[in-house]
Asker: 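This structure is in C-alpha coordinates; I'll ask about it shortly.
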Amino acid sequence: MKIKNISVYLTEEQVEKRIRELGAEISAVYGEEPVCLICILKGSAFFTCELAKRITSPVELEFMSVSSYGAGTSSSGVVRIVNDLGTSIEGKNVIVIEDIIDSGRTLNYLLENLKTRNPKSLRLCTLLDKPDRRVVRVDVDYVGFEIPDKFVVGYGLDYDQRYRNLPYIGFVEIEE
(Lines give C-alpha, C1' and ligand atoms only; values in the text may rest on other atoms or scores of the structure.)
Protein backbone atom coordinates (compact mmCIF):
# COMPACT_ATOMS: atom_id res chain seq x y z
CA MET A 1 0.00 0.00 0.00
CA LYS A 2 1.38 3.38 -1.01
CA ILE A 3 -0.03 6.70 0.14
CA LYS A 4 -0.92 9.03 -2.71
CA ASN A 5 -2.26 11.94 -0.68
CA ILE A 6 -3.31 13.00 2.82
CA SER A 7 -6.10 15.57 2.92
CA VAL A 8 -6.93 17.54 6.04
CA TYR A 9 -10.20 16.36 7.59
CA LEU A 10 -9.97 17.98 11.02
CA THR A 11 -7.67 20.96 11.48
CA GLU A 12 -5.36 21.39 14.44
CA GLU A 13 -7.65 24.17 15.71
CA GLN A 14 -10.76 21.96 15.50
CA VAL A 15 -9.02 19.14 17.36
CA GLU A 16 -7.67 21.46 20.07
CA LYS A 17 -11.10 23.10 20.56
CA ARG A 18 -12.80 19.73 20.99
CA ILE A 19 -10.14 18.54 23.44
CA ARG A 20 -10.73 21.67 25.55
CA GLU A 21 -14.47 20.84 25.55
CA LEU A 22 -13.82 17.22 26.56
CA GLY A 23 -11.53 18.39 29.37
CA ALA A 24 -14.29 20.68 30.66
CA GLU A 25 -16.88 17.85 30.47
CA ILE A 26 -14.63 15.47 32.40
CA SER A 27 -13.72 18.14 34.97
CA ALA A 28 -17.43 18.86 35.55
CA VAL A 29 -18.12 15.17 36.24
CA TYR A 30 -15.23 14.58 38.66
CA GLY A 31 -14.79 17.99 40.28
CA GLU A 32 -12.11 17.64 42.97
CA GLU A 33 -12.08 13.82 42.79
CA PRO A 34 -8.91 12.34 41.28
CA VAL A 35 -9.16 10.59 37.93
CA CYS A 36 -6.77 8.03 36.48
CA LEU A 37 -6.30 8.33 32.72
CA ILE A 38 -5.14 5.12 31.05
CA CYS A 39 -3.41 6.02 27.80
CA ILE A 40 -3.55 3.21 25.25
CA LEU A 41 -0.19 3.31 23.46
CA LYS A 42 1.01 4.33 21.03
CA GLY A 43 -1.80 6.10 19.20
CA SER A 44 -3.48 7.93 22.05
CA ALA A 45 -0.32 9.46 23.55
CA PHE A 46 -0.76 12.84 21.82
CA PHE A 47 -4.48 13.00 22.69
CA THR A 48 -3.99 11.87 26.29
CA CYS A 49 -1.32 14.50 27.01
CA GLU A 50 -3.38 17.33 25.54
CA LEU A 51 -6.55 16.16 27.31
CA ALA A 52 -4.79 15.79 30.69
CA LYS A 53 -3.66 19.43 30.49
CA ARG A 54 -7.28 20.52 30.17
CA ILE A 55 -8.74 18.51 33.05
CA THR A 56 -8.90 20.53 36.27
CA SER A 57 -9.52 17.48 38.50
CA PRO A 58 -6.39 15.84 39.94
CA VAL A 59 -5.01 13.55 37.20
CA GLU A 60 -2.95 10.37 37.43
CA LEU A 61 -1.53 8.89 34.23
CA GLU A 62 -1.09 5.20 33.46
CA PHE A 63 -0.10 3.52 30.22
CA MET A 64 -1.03 0.26 28.53
CA SER A 65 -0.17 -1.30 25.23
CA VAL A 66 -2.74 -3.64 23.71
CA SER A 67 -2.60 -5.42 20.38
CA SER A 68 -5.18 -7.08 18.16
CA TYR A 69 -3.12 -6.97 15.01
CA GLY A 70 -0.81 -9.59 13.61
CA ALA A 71 1.57 -8.76 10.80
CA GLY A 72 -1.17 -7.21 8.64
CA THR A 73 -3.25 -4.05 8.76
CA SER A 74 -6.54 -5.62 9.82
CA SER A 75 -7.47 -6.90 13.25
CA SER A 76 -6.80 -10.56 13.95
CA GLY A 77 -9.61 -10.59 16.52
CA VAL A 78 -7.17 -11.94 19.13
CA VAL A 79 -6.46 -9.29 21.75
CA ARG A 80 -3.45 -9.36 24.02
CA ILE A 81 -2.02 -6.98 26.61
CA VAL A 82 1.53 -6.18 25.53
CA ASN A 83 2.36 -3.85 28.45
CA ASP A 84 0.13 -3.78 31.52
CA LEU A 85 -0.49 -1.04 34.09
CA GLY A 86 2.25 -0.22 36.55
CA THR A 87 -0.11 0.28 39.51
CA SER A 88 -3.46 -0.91 40.81
CA ILE A 89 -6.67 0.87 39.72
CA GLU A 90 -8.75 -0.58 42.56
CA GLY A 91 -11.07 2.08 43.99
CA LYS A 92 -10.03 4.71 41.42
CA ASN A 93 -12.05 6.71 38.90
CA VAL A 94 -10.63 5.44 35.61
CA ILE A 95 -10.98 6.76 32.08
CA VAL A 96 -9.49 4.70 29.26
CA ILE A 97 -8.18 7.04 26.56
CA GLU A 98 -8.13 5.76 22.99
CA ASP A 99 -7.19 7.43 19.72
CA ILE A 100 -9.81 5.68 17.56
CA ILE A 101 -12.49 3.04 17.98
CA ASP A 102 -13.64 1.02 15.00
CA SER A 103 -14.60 -2.67 15.41
CA GLY A 104 -14.74 -2.37 19.21
CA ARG A 105 -13.09 -5.77 19.78
CA THR A 106 -9.98 -4.47 21.50
CA LEU A 107 -11.83 -2.00 23.73
CA ASN A 108 -14.51 -4.53 24.67
CA TYR A 109 -11.82 -6.97 25.79
CA LEU A 110 -9.84 -4.29 27.59
CA LEU A 111 -12.83 -2.83 29.46
CA GLU A 112 -13.93 -6.29 30.62
CA ASN A 113 -10.38 -6.94 31.84
CA LEU A 114 -10.19 -3.61 33.69
CA LYS A 115 -13.60 -4.14 35.37
CA THR A 116 -12.15 -7.19 37.14
CA ARG A 117 -9.62 -4.88 38.80
CA ASN A 118 -12.40 -3.14 40.79
CA PRO A 119 -12.11 0.52 39.81
CA LYS A 120 -14.54 2.93 41.51
CA SER A 121 -15.74 3.96 38.03
CA LEU A 122 -14.69 3.03 34.51
CA ARG A 123 -15.34 5.23 31.49
CA LEU A 124 -14.10 5.41 27.92
CA CYS A 125 -12.93 8.46 25.97
CA THR A 126 -11.89 8.43 22.33
CA LEU A 127 -10.66 11.13 20.01
CA LEU A 128 -12.25 9.45 16.98
CA ASP A 129 -15.16 7.06 16.67
CA LYS A 130 -16.06 5.03 13.57
CA PRO A 131 -19.45 3.55 14.54
CA ASP A 132 -20.01 2.17 11.01
CA ARG A 133 -17.17 -0.33 11.64
CA ARG A 134 -18.49 -1.59 14.98
CA VAL A 135 -18.83 -5.38 15.30
CA VAL A 136 -18.84 -5.46 19.13
CA ARG A 137 -20.91 -3.10 21.26
CA VAL A 138 -18.80 -0.60 23.18
CA ASP A 139 -20.31 2.23 25.21
CA VAL A 140 -18.22 5.35 24.70
CA ASP A 141 -18.66 8.04 27.35
CA TYR A 142 -16.68 10.84 25.71
CA VAL A 143 -16.29 11.17 21.93
CA GLY A 144 -14.15 13.79 20.26
CA PHE A 145 -15.40 13.28 16.72
CA GLU A 146 -17.51 10.71 14.91
CA ILE A 147 -15.91 10.05 11.53
CA PRO A 148 -16.77 8.10 8.38
CA ASP A 149 -15.17 4.76 7.56
CA LYS A 150 -11.99 6.13 6.02
CA PHE A 151 -8.34 5.54 6.87
CA VAL A 152 -6.96 8.44 8.91
CA VAL A 153 -3.56 9.55 10.19
CA GLY A 154 -2.22 12.36 12.31
CA TYR A 155 -2.50 13.47 15.92
CA GLY A 156 -1.11 10.12 17.06
CA LEU A 157 -2.69 7.91 14.40
CA ASP A 158 -0.22 6.30 12.06
CA TYR A 159 0.37 4.31 8.95
CA ASP A 160 3.36 2.00 9.46
CA GLN A 161 4.59 4.19 12.36
CA ARG A 162 4.59 7.30 10.15
CA TYR A 163 2.43 10.45 10.20
CA ARG A 164 1.65 10.34 13.95
CA ASN A 165 3.22 13.78 14.33
CA LEU A 166 0.86 15.55 11.92
CA PRO A 167 -0.91 18.25 13.95
CA TYR A 168 -4.24 17.52 12.22
CA ILE A 169 -6.37 14.48 11.32
CA GLY A 170 -6.09 13.61 7.64
CA PHE A 171 -7.85 11.20 5.30
CA VAL A 172 -5.44 8.94 3.48
CA GLU A 173 -5.77 8.39 -0.25
CA ILE A 174 -4.13 5.16 -1.37
CA GLU A 175 -2.33 4.87 -4.69
CA GLU A 176 -3.77 2.02 -6.77
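We're numbering straight along the sequence, starting at 1.
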Asker: Under 3.5 Å, is there a donor-acceptor pair between the side chain of T126 and the main chain of V143?
Answerer: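 Judged by distance alone, no pair lies under 3.5 Å.
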
Asker: Is there a donor-acceptor contact under 3.5 Å from the side chain of S57 to the main chain of E32?
Answerer: no

Asker: Quick one: CG on L127 to CG on L157, what's the gap to the nearest 0.5 Å?
Answerer: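 Result: 7.0 Å between the selected atoms.
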
Asker: Can you check side chain to side chain contact (heavy atoms under 4.5 Å, CB included) on I26 and L51, steps first, answer last?
Answerer: CA-CA 10 Å; I26 292 167; L51 180 62; 4.1 Å; yes

Asker: Tell me if a side-chain donor or acceptor on E112 pairs with a main-chain N or O of Y109 at a distance below 3.5 Å.
Answerer: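 Looks like no, no N/O pair under 3.5 Å.
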
Asker: Could you report the tightest heavy-atom contact between E98 and I100, atom names first, then the distance?
Answerer: CG-O, 3.3 Å

Asker: Does this structure show an ion pair linking E50 with R54, if we count only N-O contacts that are shorter than 4.0 Å?
Answerer: yes

Asker: Between D129 and R134, does a salt bridge (Lys or Arg N to Asp or Glu O under 4.0 Å) hold up when you go through it step by step?
Answerer: CA-CA 9 Å; D129 189 14; R134 202 77 87 244; 2.5 Å; yes

Asker: Are Q14 and R18 side-chain neighbours, meaning at least one heavy-atom pair lies under 4.5 Å?
Answerer: no

Asker: Roughly how far, to the nearest 0.5 Å, is the OH atom of Y155 from the CZ atom of R164?
Answerer: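 Between R164 CZ and Y155 OH, I get 14.5 Å after rounding to 0.5 Å.
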
Asker: To the nearest 0.5 Å, what is the distance between OH on Y163 and CD1 on I169?
Answerer: 15.0 Å

Asker: If you measure from CD1 on I81 to CG on D84, what distance do you get to the nearest 0.5 Å?
Answerer: 5.0 Å

Asker: Check the pair V29 / D141 against side chain to side chain contact (heavy atoms under 4.5 Å, CB included), numbers first and verdict last.
Answerer: CA-CA 11 Å; V29 169; D141 301 283; over 6 Å; no

Asker: Do the side chains of D158 and K42 get close enough for a salt bridge, i.e. N-O under 4.0 angstrom?
Answerer: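 Answer for the salt bridge query: no.
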
Asker: What is the distance from atom CZ of R123 to atom CD1 of I97, rounded to the nearest 0.5 Å?
Answerer: 12.0 Å

Asker: Has T116 got a side-chain atom pairing as donor or acceptor with N113's backbone, closer than 3.5 angstrom?
Answerer: yes

Asker: Output a table of donor-acceptor pairs, distance under 3.5 Å, between side-chain atoms of residues 85-96 and any protein atom two or more places apart or on a different chain; print 'none' if there are none.
Answerer:
from: T87; atom 1: OG1; to: E62; atom 2: OE2; distance (Å): 2.7
from: S88; atom 1: OG; to: E90; atom 2: N; distance (Å): 3.1
from: K92; atom 1: NZ; to: E60; atom 2: OE1; distance (Å): 3.2
from: K92; atom 1: NZ; to: E60; atom 2: OE2; distance (Å): 2.7
from: K92; atom 1: NZ; to: S88; atom 2: O; distance (Å): 3.1
from: N93; atom 1: OD1; to: S121; atom 2: OG; distance (Å): 2.8
from: N93; atom 1: ND2; to: E33; atom 2: OE1; distance (Å): 2.9
from: N93; atom 1: ND2; to: P34; atom 2: O; distance (Å): 3.2

Asker: Name all pairs fulfilling the ring-ring contact (aromatic ring centres under 6.0 Å, His included) condition that reach into residues 4-45, sequence neighbours left out, sorted by first residue then second.
Answerer: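 Sorted pair list: Y9-F171.
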
Asker: Rounded to the nearest 0.5 Å, how far apart are CD of E25 and CD1 of I55?
Answerer: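 Output value for this atom pair is 10.5 Å.
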
Asker: Check whether any side-chain heavy atom of V172 sits under 4.5 Å from a side-chain heavy atom of V152, and report yes or no.
Answerer: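 V172 vs V152: side chains apart.
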
Asker: For F47, does its backbone N or O pair with a side-chain atom of S44 as donor and acceptor, under 3.5 Å?
Answerer: no

Asker: What do the steps show when you test D139 against R137 for side chain to side chain contact (heavy atoms under 4.5 Å, CB included), and what is the final call?
Answerer: CA-CA 7 Å; D139 294 320; R137 181 189 160 109; 2.8 Å; yes

